[in-house]
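Note that the structure is predicted; figures quoted are calculated from it, not measured.
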Amino acid sequence: MTASRVRLTAALLALALGACAGPARERVDGWSGVGAGETVVVGRIELVPQLRKEEQRIDALNSGSFENLVYLMADDKNRVLKDEPKTADYDGRIEATLERTFFVRSSDHPFYILGGVLWLEIGRGQNKAYFPGGLRVPVKSGDKAVYVGTVRYYRDEFWNFSKVTIVDDYDRANAEYRKKFGTKIPLRKALLTPVK
Amino acid sequence: MKKRIWLVLCSLALAASAGCASSGHERNINDPTNSLVFGFVDMDDAPTSISYASIQQVAPPTEEPYWHLSVRKGMFYSVYLPTGSYQLSSFGGSGFFAGEHRYNFPRQGNQTALRIDRPGIYFLGSFKYKTEKSGMFEVGKFSMQKVNKPTEAELLKRILDEGSGVKDSAWRDRIQARLKQIK
């Protein structure tokens with residue numbers, strides 16, 4: 001295998017995520033993309049300290065698909081991810097841009113955040129940071145829009161996570177929600193809860 | 001508790017290895033803010049020995065985070081590192097039958113993580129390469145198991161004897177002082 005092939009391999013592995021994994025929960029900006037029996041899930045992922053530009057080295061054609069993006073693995077059933085997540089684990093993921101509120105379409109059933117992946121390096125090698133999961137998204141049947149909170153991950157420079165908190169930043173999220181979705185349907189607050 | 005890390009083994013052309021480990025850092029060996037960082041890896045069970053190694057600066061942020069390490073028969077070291085946070089990034093080497101290999105360390109859960117708060121001498125440890133099981137279509141995996149030999153003192157003596165320019169630098173007194181301390 002040559003140097004260029006290693007680069008290619010890493011890039012291909014990254015591309016494979018998009019090509020082979022099932023779809024993510026779709027991002028939505030208005031009610032037109034939301035069907036009956038579906039809910040808009042609103043939340044946010046933050047890192048403390050924030051991700052620095054130099055910490056992510058993405059040398060791939062579709063680098064924008066990875067920069068500042070955490071892949072949150074989600075499933076209807078809670079389970080513990082062991083070792084490297086499989087391609088199937090990415091099905092129904094939430095693609096959350098760090099420090100920005102996400103709005104994704106989901107069924108109106110509760111689900112679980114199993115963990116997260118952030119690509120740190122694609123190109124010279126490939127390296128990822130793995131985020132802890134174990135969070136329940138308490139969507140209820142009939143919910144149309146649910147605010148789940150800001151997940152704040154505290155970490156050090158070696159990507160050891162020391163603490164995870166769920167922060168209630170409803171006012172800010174609701175203001176963004178109302179701009180996109182209007183005021184007809186209220187945003188219900190249902191913060192993420194740690195799985196016991 | 002035995003601590004293990006999973007690492008990814010990749011094959012790579014030698015041409016690339018030389019370029020990748022580019023230090024891009026110009027520092028004087030006698031700079032009093034330098035630290036000596038060193039360690040050892042026993043590659044007897046690996047496909048190849050190592051001929052190059054790099055350590056990554058993870059803090060403070062920098063555009064050139066990779067520092068080249070000198071490698072001598074399993075021993076790796078740098079006498080130029082400024083204060084900051086580091087961890088081993090990769091090793092590489094070649095064998096007649098095995099070809100070129102590069103051994104990558106993960107950014108997260110890396111057991112060689114090191115914070116240098118003030119200039120000094122930092123021993124990362126001695127390790128033994130161990131091949132780990134991986135699937136037929138997966139890249140190779142290995143772990144690094146901590147071992148007791150060679151000791152810090154043995155390696156420091158080797159750096160003094162074999163390190164390029166070390167004996168004739170300010171490092172001689174610093175290493176000898178450290179050797180007295182750990183006797």
ILVMFWY cluster, V28(A) and F111(A) together (side-chain gap under 4.5 Å): yes
Is there a side-chain contact between E55(A) and R107(B), using heavy atoms and a 4.5 Å cut-off? yes
ILVMFWY cluster, I116(B) and V58(B) together (side-chain gap under 4.5 Å): no
Audit row: Q108(B), F161(A), side chain to side chain contact (heavy atoms under 4.5 Å, CB included) steps and yes/no: CA-CA 10 Å; Q108(B) 188 180 42; F161(A) 289 102; 3.4 Å; yes
Using non-hydrogen atoms only, which part of Y130(A) is less than 4.5 Å away from chain B: side chain, backbone, both, or neither? both
Go through the atoms of S90(B) and report whether side chain, backbone, both or neither lie under 4.5 Å from a heavy atom of chain A. side chain
Mind checking whether Q87(B) and F158(A) have side chains closer than 4.5 Å, heavy atoms only? yes
Part of R57(A) lying under 4.5 Å from any heavy atom of chain B: side chain
Give a yes or no on whether the backbone of P61(B) and the side-chain of E54(A) come within a donor-acceptor separation of less than 3.5 Å. no
When you look at CZ of R52(A), are more than 12 heavy atoms from neighbouring residues, nucleotides or ligands closer to it than 6.0 Å? yes
Using a 6.0 Å cut-off, check whether atom CG of D173(B) has over 12 heavy atoms from anything other than its own residue. yes
Give a yes or no on whether V40(A) and L191(A) share a hydrophobic cluster (residues Ile, Leu, Val, Met, Phe, Trp, Tyr; joining criterion: side-chain heavy atoms under 4.5 Å apart). yes
Do R115(B) and E157(A) pass the side chain to side chain contact (heavy atoms under 4.5 Å, CB included) test, and can you show the C-alpha distance, the side-chain angles, and the key distance before you say yes or no? CA-CA 10 Å; R115(B) 270 194 200 108; E157(A) 71 271 40; 2.7 Å; yes
Within one Ile-Leu-Val-Met-Phe-Trp-Tyr cluster: F102(A) and W119(A), side-chain cutoff 4.5 Å: no
Do F91(B) and V71(B) share a hydrophobic cluster (ILVMFWY, side-chain heavy atoms under 4.5 Å, transitive)? yes
Residues E63(B), K53(A); criterion salt bridge (Lys or Arg N to Asp or Glu O under 4.0 Å); working and verdict: CA-CA 9 Å; E63(B) 287 290 337; K53(A) 184 168 63 75; 3.0 Å; yes
